[in-house]
Amino acid sequence: MEFLENHRRAFLLSGIGICVIAIILTISPGIGSNIVSGGLSYVVTPMQSGLNSAVSWVSGNFSAIANNQHLIVQNRELQAEINRLEFENHRLSLAAEENAMLNAALNMHQQYSHLPTMGARVIAQDPNNWYRSFRIDRGANDGVEPWMPIIADGGLAGVVRYVNPTSSQFVSVLDSRFYAAVTASRTDDFGIATGDISLMQQGLLRMNHIEAHAQIMPGDEILTSTDSSVFPAGLLLGEVQSIHTNPDGLTRHAIIRPAANLANLEMVLVINQVFSDGQTIRDMRRDAE
């Protein structure tokens with residue numbers, strides 16, 4: 001009782017305040033509703049905002065993942081198409097190369113239609129890259145014999161040396177074992193063409209025994225001569241690059257660039273006829289050994 005007595009004034013004021021609030025809420029329920037709603041909004045709104053942000057983040061990431069998977073599938077499809085196109089391009093390139101080789105072989109056949117020839121593919125070459133010798137896919141079973149001439153790119157490329165049943169080896173015009181009687185087409189100056197070790201790596205050969213008064217000059221074409229005992233006359237050997245006088249002053253020699261492109265031999269023609277007699281063949285074999 002003493003406590004109530006001491007705090008009567010406080011309780012009285014509190015009661016009055018509660019009554020005033022009740023009257024206000026009774027008279028204007030919207031105000032109370034707004035107050036409660038405002039209180040709830042104060043608590044709920046940040047939670048709702050955070051939830052919305054979380055939902056947006058998850059949705060965005062799922063969308064990004066879906067887009068990324070689509071891009072991966074699309075990239076695989078594009079890569080497969082690129083691979084297909086590259087394969088098709090490679091196939092067409094091989095077909096174009098094959099067609100070019102066949103056209104080259106046809107042109108050679110037409111150029112030397114007066115000679116008996118057979119086509120052959122180069123399947124190996126001298127491993128030292130000096131283009132001294134080559135192996136072809138024609139052999140004794142095809143009628144190839146030693147000392148048959150080989151032509152390529154419209155020019156003399158070499159001569160068959162060894163023959164197996166299914167393949168043959170020919171020495172090129174750059175090999176030091178090669179030689180042929182030749183003549184300049186413009187002047188008829190005579191000489192002997194032979195491979196030279198010092199010139200081999202440059203893709204050149206020599207024409208020796210040219211007379212000092214010969215009119216041969218750079219640019220002249222060199223052909224196999226009627227005096228040749230191994231090759232038919234008129235085969236193009238190459239072109240004169242330079243002329244040099246020998247130390248004796250009585251003879252000269254020329255540097256010849258072969259007409260046949262020995263660095264890129266793929267198809268050749270074998271002139272399947274031996275133009276040399278047995279004695280000459282034995283002499284050449286002895287000189288080559």
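Only this structure's heavy atoms are used, side chains among them; waters, hydrogens and symmetry mates stay out. We're numbering straight along the sequence, starting at 1. What you see is a predicted model, and the numbers here were worked out from it, not measured in a lab.
- Taking the six-membered ring for Trp and the full ring otherwise, Phe178 and Phe231 have centroids separated by under 6.0 Å.
- For Arg76, the side-chain hydrogen bond (donor to acceptor under 3.5 Å, both in side chains) test picks out no residue, with sequence neighbours left out.
- The main-chain N or O of Asn261 is found under 3.5 Å from a side-chain atom of Asp153 such that the two form a donor-acceptor pair.
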For this session: Determine, step by step, whether Thr194 and Asn208 satisfy the side chain to side chain contact (heavy atoms under 4.5 Å, CB included) criterion, reporting the C-alpha distance in whole Å, the side-chain angles of both residues, the deciding distance to 0.1 Å, and the verdict.
Result: CA-CA 8 Å; Thr194 182; Asn208 294 322; 3.5 Å; yes
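- The backbone N or O of Ile271 lies less than 3.5 Å from no partner atom in the side chain of Thr117, so there is not a single donor-acceptor pair.
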Problem set entry | Audit row: Arg121, Arg138, side chain to side chain contact (heavy atoms under 4.5 Å, CB included) steps and yes/no | CA-CA 8 Å; Arg121 288 179 179 272; Arg138 297 278 193 170; over 6 Å; no
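- For Ile123, the CD1 atom is densely surrounded, since the number of other residues' heavy atoms within 6.0 Å is greater than 12.
- Between Val240 and Ile256, the closest side-chain pair of non-hydrogen atoms falls below 4.5 Å.
- Side-chain atoms of Asp142 do not come within 3.5 Å of backbone N or O of Val144 as any donor-acceptor pair.
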Problem set entry | Derivation and outcome, side chain to side chain contact (heavy atoms under 4.5 Å, CB included), residues Ile222 and Ile216 | CA-CA 10 Å; Ile222 303 301; Ile216 189 172; 3.9 Å; yes
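- Here Ser242 pairs with His244 under the side-chain hydrogen bond (donor to acceptor under 3.5 Å, both in side chains) rule; sequence neighbours left out.
- Within the structure, no pair that satisfies the salt bridge (charged side-chain N to carboxylate O under 4.0 Å, His left out) test touches residues 233-249, not counting sequence neighbours.
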Problem set entry | Steps toward side chain to side chain contact (heavy atoms under 4.5 Å, CB included) verdict (Thr251, Ile210) | CA-CA 5 Å; Thr251 58; Ile210 302 173; over 6 Å; no
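- Using modelled atom types, no side-chain atom of Ser168 and backbone atom of Ile136 make a donor-acceptor pair closer than 3.5 Å.
- Around atom CD of Gln241, more than 12 heavy atoms belonging to other residues, nucleotides or ligands sit under 6.0 Å away.
- Ser185 is linked by a side-chain hydrogen bond (donor to acceptor under 3.5 Å, both in side chains) to nothing, counting only residues two or more places apart in sequence or in another chain.
- The stretch residues 250-265 participates, sequence neighbours left out, in no salt bridge (charged side-chain N to carboxylate O under 4.0 Å, His left out) pair at all.
- Contact annotation: the side chain of Leu223 never approaches that of Leu237 to less than 4.5 Å [non-hydrogen atoms, C-beta and beyond].
- Legend: salt bridge (charged side-chain N to carboxylate O under 4.0 Å, His left out) pairs involving residues 200-227, not counting sequence neighbours, sorted by first then second residue: Arg186-Asp220, Asp196-Arg206.
- Checking Asn83 against Gln79 by side-chain atom types alone, a donor-acceptor pair falls below 3.5 Å.
- Of the possible polar contacts, none joining the Ser172 side chain to the Gly158 backbone as a donor-acceptor pair under 3.5 Å is found.
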